[in-house]
Each structure stands twice: as C-alpha cells, then as structure tokens.
Amino acid sequence: MTRLTGGLIDRSRSLGFTFDGRSLTGHPGDTLASALLANGVRLMGRSFKYHRPRGPVGAGSEEPNALVELRSGARQEPNTRATVAELYDGLEAHSQNRIGSLRFDLLAVNDLMSPFFAAGFYYKTFMWPRAFWEKLYEPAIRRAAGLGSLSMQPDPDAYDKGFLHCDLLVIGGGASGLAAALTAARAGARVILADEDFRLGGRLLAETHPLDDAPATDWIARTEAELAALPNLRILRRTTVFGAFDHGIYGAVERIADHLPDPGRQVRQTLWRITARRAVLAAGAIERHIPFQNNDRPGIMLAGAMRAYANRWAVSPAQRVAIFTNNDDGHRTALDLAAKGVQIAAVIDPREGVRAQGDYPVIAGVVGNAKGRLGLTKIEVATRNGSRWIDCGALGVSGGWNPNVHLASHHRGRPVWDEGLQAFLPPKDGPKGLICAGAVTGQGSTGAALRSGAQAAIATLADLGITAHAPDLPRAEDAAQNLHPLWHVPGKGRAWVDFQNDVTVKDIKLAHQENMRPVEHLKRWTTLGMATDQGKTANVTALAVMSELTGKPIPETGTTIFRPPYSGVSLSVLGGGDTGAHFRPRRLTPTHASATAQGAVFTEAGPWMRAQYFPRSGETHWRETVNREVLATRKGVGICDVTTLGKIDVQGADADEFLNRVYANAMASLKVGMVRYGLMLREDGTAWDDGTCARLAETHYVVTTTTANAGPVYRHMEFARQCLWPELDVHLISTTDAWAQIAVAGPNARRLLERIVDGFDLSNAAFPFMACASLTICGGLRARLFRISFSGELAYEVAVPARYGHALMARLIEKGADLGVTPYGTEALGVMRIEKGHAAGNELNGQTTAQMLGLGRMVSTKKDSIGAVMSRREGLAAERRLLVGLQPVDVGDPVVAGAHLFTEGAPQGTDTDQGWITSACHSPHLGHAIGLGFLENGAARMGEVIVAANPLAGQSVRMRVVSPHFIDPDGGRLRD
Amino acid sequence: MLIPHPLLGLRDAQEFTYLGDAALLDRPDPADADAFADYVYLRDNPAGVHRELWFHEQGDRSWLVVTRDTVTHEILGAELARDVKLKGGAA
C-alpha cells in the first residue's frame, strides 16, 4: 500500500521502525498504526480468548485490538495501543498474545473450540477438583489467555509527580476545547488545556471540511499561536486527564518522552495532580460499531477511523473499500476517501430512501458476513432482494457516535439516555465544577462544537466572577447525522461486540438466557468491557442488544459506571520518583556517622536506620559480636544510641492531671526529679505502648514512647488534649528529633559519666535509681540525665541537643577507653531486655493486656484513665495468661519465637493451646537459648516442664517455666 | 480532597490523618461501663452527612471535626475539635 496525498505527516523525513523484526518506514506525524497500514500491514494482533487475527478498529485511545509490545529489554512495554504510539526512528514493536507467529498462532485452535468457550465457560468448567485451581487451571488459562508480557526487569526510566492549579481546566483540544480555552484565556483566567494527542485539533485533524473556507489546520495554528503567547494558559500535549477526583482535583499523565527512543535526561512521564476551580470536559465522542458475523476481520474498522487515517495520515487500509453506515457521517468517509483516489466498492446503508452524496454506489441493505481470515477480502451484503459478496480490502463501519462521557460520570452520576440522539449524555449530577462541551453533549457538528465550547467557558467562568466573551468563531459545517438506530445485524455465526475480550452478540444472548440480565451481571458473566480498553467501543452496543432481548428500553436496561482511569496509567508514573531508596524517608540517628565509622551493620526500625551490631575483625558470626557486646556491657560499660524512642514534652499547670488520664498508672504523684515507667492502654483496655515519664519540674514532664509508636502516641495524646479534655492547661510538643539520647549501661556506667558531667553528684544517694535531672556536661553543654535501665544493669540515659549527639558519642568512647566502653546495637539491646524480662514490641502486640504483661496492678483503680474502664471487663479481667520466662530443659535445644506452648503429653491443637513464645534469643549470660512467652495460668506454673511446638519446622522442645527475669530478679544491679 | 481548615484555609487531605466518627469526643462517664462499650465499639456509618475527626498531622496538629457527605464527598464545614468539645461535644 502506498500513501495517499495530503495528510499531516512530514514526508521530507523518514523514520525506520520494526514490527516483529521486519524493517519498515514511516514519517514524523505517524502513529505506529498509521505507519503499519501505510506498509500494508492490517494484521496487528490476536484477540484475548479466541486468538482471532485482528487489525486496528479505531484511530485513537479507544482502540481495542491493535495492542503491541513496544521496545525491548528493560523498557519492553506490553499492551500499547498502536493507534496512539507516536512513531520515532528506531521504534521496535512486537505483536503479542500468540504462540508461533502472528500469522500462524497455534492458540488459534481456541477459535475452533469456541462453542466450548462461550460466556460463563470458565465459571462452569474449572470448578473441580479444587486442588487444580492454582496448579493446573490458572497457569494454563493464564498462558493461553492474556495479552503482552512484562520484561521482569526494573524500569530504567525516571518519572515525576507535579502539582498544578488553575481557574479552568479544559480537557480535550478539539474544536470545542480550543474554543473554550481561547475564550477563557482571553478573559484572563488561568487555564490549562490538556490533550492526549501529540497534536492539538482533535477530530478537526481528521476532517476535510473547512473553517472560514480554509483548512481547519490554519485556524488551529492561529489559535495555538495565540494561546502559546498568553502567559495565563498552559498547554499540556500528550497528556491524558484520566480521572476526576474530589473537590476539583484531576489526575493527568503527561507522556514527556514516550515518543523518543530514549528519554535521555528527561523524565519519561509526569503524573500531574491538577486542582481546578472549574473544568470543561471536551473529550469528544467515540464511534460505535455495528456487529455482524465475522465483523472482527482485519481491515474492518470504524468509518471515522478510516477517514482519520486517510485525511490525517494519508493512508487507506486498502485500495478498494466499502462503508457500512446507519447515518450520514459514514457517507463523509466515502466522500473523503473517494476524493483521495480510493475506490469505493459501495456504501451499504439500511436507511429508507438512502442516496449517495457523491460519486459512489450505494446499496440499501446491511453487511451480514465477511471473509479474509488474516485480512478482509470480501463482504456479504444483504438487501431485500437477497445477498451477494462484494470484494473489498477494508470496510468502514459507523453505527453512530457515543459521547465520551467517561470523566463526567466518575462521581457516581449515571449517563442519561437521549432518545433523539440515540446516545447516552453526561449525567446532571456529575463532578461539581465540571461542565461538558461539544460532542460530549451530543453537539457533534463542528460549528456546534465550537459554539458549545465558547459558551461553556463563558458560563463556568461567570461562576467565578470572571467575565468572558465569545471569540469570533470560524464558519463551520453544521450537518446533522440523521441516524437510524441499528445495533447489530441479526444472523448466524459470531458477531463481535467487545473485540478485546471476545464478547459476541451470542454471548449476550446466552447471558440473557441464563438470567444474567442486569448490566452488572452481564458484564461479569461475559467479561464485557473488562479488558484494557474498558469497553469504550463496546458497552453501549451491548446494552442495546440486551435491551432488544429483554424488550425494555435502553435506559431501563442500565448504564455502565465509569471509574478512573480513563485509559491505562503505568504503575511507574503512579510511583513517580518514589521508588527504591526514595520509597519512603530514611531517618538517620545523630550518631549514624559514628556508627558507620565503627563498622556497624544497620537495621531498619520504622523509618530509622539503627546500628544493629558492631562487628570487629576476627568475628565470624553476628552472634559472636552480639555476645561480646552484651558481656562487655554487663561486665563493664556499653553505650547505645536510643534517640529513636519517641519523646514528648508535656508542659502546663495541668500536665500532671493530663498524664494521669493518659497513662494507666498514676503520674501526678511522681516527684520532681524522678522518672516512672508508664503504661498506656487503648480505650478498649488493651495494652498499647510503654515508656518512661520524667518530671523535670512541677509543670514539666518529658515522656518517651516506643520507636514504632512515636507518631501514633503523639497523635493520641493530642487527641486526648484537644478532643477529650480541652479544659486542661497542658501543651505538647514532639521532641524526638530535638534531643539525641544515649544509653550508658553497665557496672562502670557511673564511672564513665562522672568523667563528662560538670560537677554533678552521681552518687547513689544524690541521684538514685529512677532519678532525672537537667544539668550540663562536657564543660557547659546542656543535657538531661535519666537513671533508667532497659538492660537490667546500672544504667543512665543522657540526652543532649541533637546536633551534639555525634560529639557526645565520640566523647564517651574517648573517655571510656580504659573502662572498655563498648558501643552496642539493637541486637544486644534486645538480648539484654529479654534476659531482664522487659516487654517490647513482641509482647505489646496490640492483643495483650496489662495483666498478661504482669503489670495488672499498675492500672490504677483510684483514677480514670484511657482504657481503665474497659480493662476491667469480665473477659479481660478473667485473663490468666501471663508473661513467663522459658528455658530449654536440654540446654542445647533451640527456642523459637512463635512456637506454641502445650502441656506435656497433651494433644496439640487449638483447643489445648496454652500460649506462645513471643521473644527468643541466645543468652550469653546463661550460655543457652531463652525465651519469653505468654502461658495459660503462668503464675502457678513456675518450674513446670511444658512443650514448645513449632510444627512448621517439625520441632517440639521441652521447656521449663521460669521467672521472666533471667538476670538480677530482685533488681539489685539497678539500685547499686 | 480539600479540607477547609478553620485556621489555615483549604488544605489537601493528604496532610491529614483520618480517625472517624466525631462521637469519639463524647467519652462517657467512667462509672457507666455499658456506655463505654458503645463508645468504643459502636459507630454510625451513614450514607450522607457525617461528622468525623481529622488530624492535621503534616500541618499544625489540630484535630478537626469535619462535616462531610460520605456519598458525594462534599465537605460542609470544619471546626477545631477543641471548640466543639468546649461547646458541649459532638452530640
């Protein structure tokens, strides 16, 4: 096939591309589809279920058939519509959904077996045996049915997200959209004009009728030039507005570099979040098909698409074409193609008294069948006088136009049927602030579209107090379509309604027969409209067919609900730049650089990177390192950054009363200069979070939270302050980031600290266990000191302004060298707290109560606090599981967290379950594994031997129930 | 969604953390255990106008009572939760 004359392609340059390895050429301005047609390629893909050979049906984003894989390697992109893929030099495309070649697809055997594959086949057939679902049926079905394949490699390109604001967003750059944008921009409104095409003009680019006696492209060029010169208007080309969200927010994807061989330094796509005070939807209309037997032959396409290929891209799918139409618009295709020298075999039109509008034969009748498996060769035309076959290489079909109401019904509004136009129009209760213009409202003629766009802009800007005036619009055609409804051609064989998902008129009949009549059932039973094109060319036709079958009018049959996105949006662009290391913020502790210098291995703790352990040369296993860190701390002194624990500063005259209500235990009675352990419950009575509460002054407390709950506890305390007790004089601020905090633990902790404090008396009498103070260290640096211990040793936590954290760590290491000061990480921290029997996240998992933690008495009955009332519920009060220590009877045995506990000799099942192990570690102090767990009636079972079962690993270990305090049970070390 | 913050004007909903029914303002008397069970576990879930709590976590840390139509997502108003509570609560 050679090119026709004219068109909006740049013939001075040629672009080389390949399709299934075949080298072809096209021109700038081409899409992949137009370039393939220009090279005589009508067959571009295979259908989803029956693997029928397929060519393009449309010329735009609604395309159901011509799906290809673009590019190769990591950039391989499946299910790309050839009709919107802009041609570039070196473009590489492959057909998909085939085994073998595109022309000889082995899975085309599915087509011969189609009687077995009717609607509902999968639901009825692949039900039993159940064991086959995942292992046999699903892989087989997925192999046979499906579209393109993924490269399985990381996307090499960059994507971005951006935010835009405007008075008016104009969606669609065709006649009505350009008129709306021009009107609004001249009035001074901030306007964004978005169009999915790479060239503004919309349908005007595909038509030949003049504007003001000149080609439409002249007016488009003038308008575009004026718009480009206006500072208050931004044009987004290659941008699909894919969704209308709440409160005037629209989602759009700008394809910045999809038309380039390689994005180079640019991002490939940008996800725009556009906040628009008002919007005009000027998205045009999508032509509909008329199903007849074998209407899916390659070469059969929408008449408007055929006209677009001829006028815009100067290509016809064949030298001799026919048109099948039920309206005047189809005749325009015949006129335009004839004018370009394409032979018109016939225009087949079922309307009474139909006449040719030019020099071409007209047949009053319908098309009933088509031949040409890999490309159309002839059509069967049925008239009152019988039927006959006519040779043609392509057929344009027009069943009328469906207003593209998609975005107008993203907010539940259902499209409204218009009997006169035989089409669904936008709902009255569409997105607030969005009005429709042009063909979306059924105003399909060029003149009407231009006027409608200008009027829409004037009307909607008036709401904003902006006065706009209609521009001088060009004179344009105003022809009516004179449509006579014809929804399908009755007959034998299969007539396709939904091309991409292979849904035929027969399938709809079957759905009707099986009582799957409501549109929601029809859709799910037949998979109508559920393919990647979401049934843009199919849904209305299917409704009309169902309406015929039920005898009910179309509006009573139902409408489909449209949801975002309008067309496919890549996950890459939805992710924007937030992938890999940028997926979420990464927070570093103030001593991160120091830990790095010490060779620390880091672990993620929420968003934080914390030092996990500090391996030294010669250590061959992480546990060797952890054992060393634990023993060095227990025998000398260890230091650990604990900055990540949440810190909340609480101040005010009522701070004590406030904390009394927030913590289960009493806080008001805490003396100034002292610290108390604090337990927080949820209002349902479950234990939630714990920490320490230090009273620095009468009206000033500092409380800590677990690392994981730093944010939620702060939110909760603000809730309590603002929503429950706003009458209390108390203020909160999170100071987690403001203070670096370092734990100094071990028998030498006091000796080490004495070397850095500025004359502060650290003696046991002056600064006892659970004391706190504000002081200065290192010669004037303000600091806070807390004598608290998570490890069970004599321990302190010292806090300094965050920017001094690194220096403090360095000073402690320097001053403690002769004391053997040892930095330890979260692993050693965990081992020591298990040895000491302190609860942590594993125990405070949102399912445990204060009683289970052995802290039941802490829930004060003398005051109200959050969760106190519900913690006394019968069911929770009767809870007898208790936190216990567990150690293997045979000290060589492992202890596994998650193992369940059973009475020795008892059967092992959920009904005999006695509890579970929450935390486990190797205790260097004891020289064997230990664990913590919740055990039924644990208080009475000390010394009993029970069984810890881990059926996943086939383990069953005998364990002795012991106190959870494996070291220093009476706390002498803490108070030393 | 955009939330009209009474102090800061229109703010993007992404700056907020959602909690739910503003009835959580009306914490019952601790002597009434039955009322507590309802308070903790029972929520209205209306299709229509709903008063609900939003926390301006990425902003000024105000808790707001937002009145929203759950069907259309139209926001009919927003108040500082402390003002609502001081005026007598959500009920």
Side-chain angles (χ1 to χ4, degrees), chain A residues 161 163 165 244-249 273 275-277 410-413 429-433 648 661 681-686 711-712 714-728 730-734 860-877, chain B residues 1-4 10-14 16-41 47 52-65 68-75 79-90:
Chain A
K161 289 180 186 173
F163 297 79
H165 296 259
F245 300 96
D246 292 316
H247 306 159
I249 295 170
R273 183 187 163 99
T275 304
R277 298 173 76 197
H410 277 191
H411 289 192
R412 296 178 91 247
D429 53 347
K432 237 182 169 180
I648 300 167
R661 298 183 190 184
L681 308 184
R682 295 195 311 232
E683 192 70 279
D684 68 2
T686 307
Y714 179 73
R715 186 189 310 147
H716 168 78
M717 286 174 65
E718 282 289 4
F719 171 80
R721 185 180 78 89
Q722 297 175 38
C723 300
L724 299 181
W725 304 300
E727 70 282 3
L728 294 182
V730 62
H731 291 272
L732 308 173
I733 190 162
S734 168
S860 171
T861 53
K862 294 180 188 149
K863 63 172 177 98
D864 178 32
S865 66
I866 289 175
V869 173
M870 295 299 273
S871 75
R872 291 192 279 270
R873 280 185 284 169
E874 206 178 331
L876 295 189
Chain B
M1 291 207 301
L2 299 172
I3 292 179
L10 276 182
R11 307 299 310 173
D12 196 296
Q14 290 187 6
F16 292 80
T17 304
Y18 180 77
L19 182 62
D21 194 341
L24 284 171
L25 259 58
D26 302 331
R27 190 171 182 270
D29 186 318
D32 189 348
D34 288 345
F36 248 97
D38 289 354
Y39 171 72
V40 171
Y41 291 111
E52 54 198 20
L53 287 160
W54 293 72
F55 181 50
H56 199 201
E57 187 143 39
Q58 310 296 326
D60 75 340
R61 309 186 302 273
S62 289
W63 276 97
L64 304 185
V65 174
R68 182 175 67 104
D69 187 321
T70 59
V71 176
T72 62
H73 291 187
E74 187 181 1
I75 299 214
E79 301 162 88
L80 292 174
R82 69 178 285 121
D83 291 348
V84 177
K85 179 68 177 180
L86 288 170
K87 276 187 285 182

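Since the structure is predicted, the reported quantities are computational estimates derived from the model, not experimental observations. Here is the naming used below: chain letters follow the sequence lines, and residue numbers restart at 1 for every chain.
For chain A, the nearby part of B:Asp12 is the side chain; its heavy atoms alone come within less than 4.5 Å. With a threshold of 4.5 angstrom between heavy atoms, A:Asp864 approaches chain B through side-chain atoms but not through N, CA, C or O. Both the backbone and the side chain of A:Phe719 come within contact range of chain B, judged by heavy atoms closer than 4.5 Å. Contacts of B:Val71 with chain A are made by both backbone and side-chain atoms, with heavy-atom separations under 4.5 Å. Only the side chain of B:Leu53 comes within less than 4.5 Å of a heavy atom in chain A; its backbone stays farther off. For chain B, the nearby part of A:Ser865 is the backbone; its heavy atoms alone come within less than 4.5 Å.
Within the 4.5 Å cutoff, the side chain of A:Pro726 has heavy atoms near those of the B:Lys85 side chain. A 4.5 Å side-chain heavy-atom check between A:Arg721 and B:Trp63 finds every atom pair outside the cut-off. Using a 4.5 Å cut-off on side-chain heavy atoms (C-beta onward), A:Arg873 and B:Phe36 make no contact.
Of the listed residues B:Pro30, B:Ala81, B:Pro28, the one with more heavy-atom pairs under 4.5 angstrom with chain A than any other is B:Pro30. Looking only at heavy-atom pairs under 4.5 Å with chain A, the residue among B:Ala33, B:Gly89, B:Ala22, B:Ser62 that has the most is B:Ser62. With respect to chain B, the highest number of heavy-atom pairs below 4.5 Å among A:Glu727, A:Arg872, A:His411, A:Met870 belongs to A:Met870.
For the atom pair CD (A:Glu718) and CD (B:Glu57), the distance works out to 10.0 Å, reported to the nearest 0.5 Å. Here the OG1-NZ distance, from B:Thr72 to A:Lys432, works out to 7.5 Å after rounding to the nearest 0.5 Å. To the nearest 0.5 Å, atoms CG (B:Leu2) and OG1 (A:Thr275) are separated by 6.0 Å.
Under a 3.5 Å cut-off, the side chain of A:His247 and the backbone N or O of B:His73 do form a donor-acceptor pair.
Classification of the A:Tyr714-B:Phe55 ring pair by plane angle, with boundaries at 30° and 60°, yields tilted.
The minimum heavy-atom distance linking A:Leu724 with B:Leu24 is given by the pair CD2-O, 3.6 Å.
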Using side chain to side chain contact (heavy atoms under 4.5 Å, CB included), reason through A:Arg715 and B:Arg61 one step at a time and then give a plain yes or no. CA-CA 8 Å; A:Arg715 186 189 310 147; B:Arg61 309 186 302 273; over 6 Å; no
Checking A:Phe245 against B:Met1 for the side chain to side chain contact (heavy atoms under 4.5 Å, CB included) test, could you report, in this order, the C-alpha distance in whole Å, the side-chain angles of both residues, the deciding distance, and whether it holds? CA-CA 8 Å; A:Phe245 300 96; B:Met1 291 207 301; over 6 Å; no
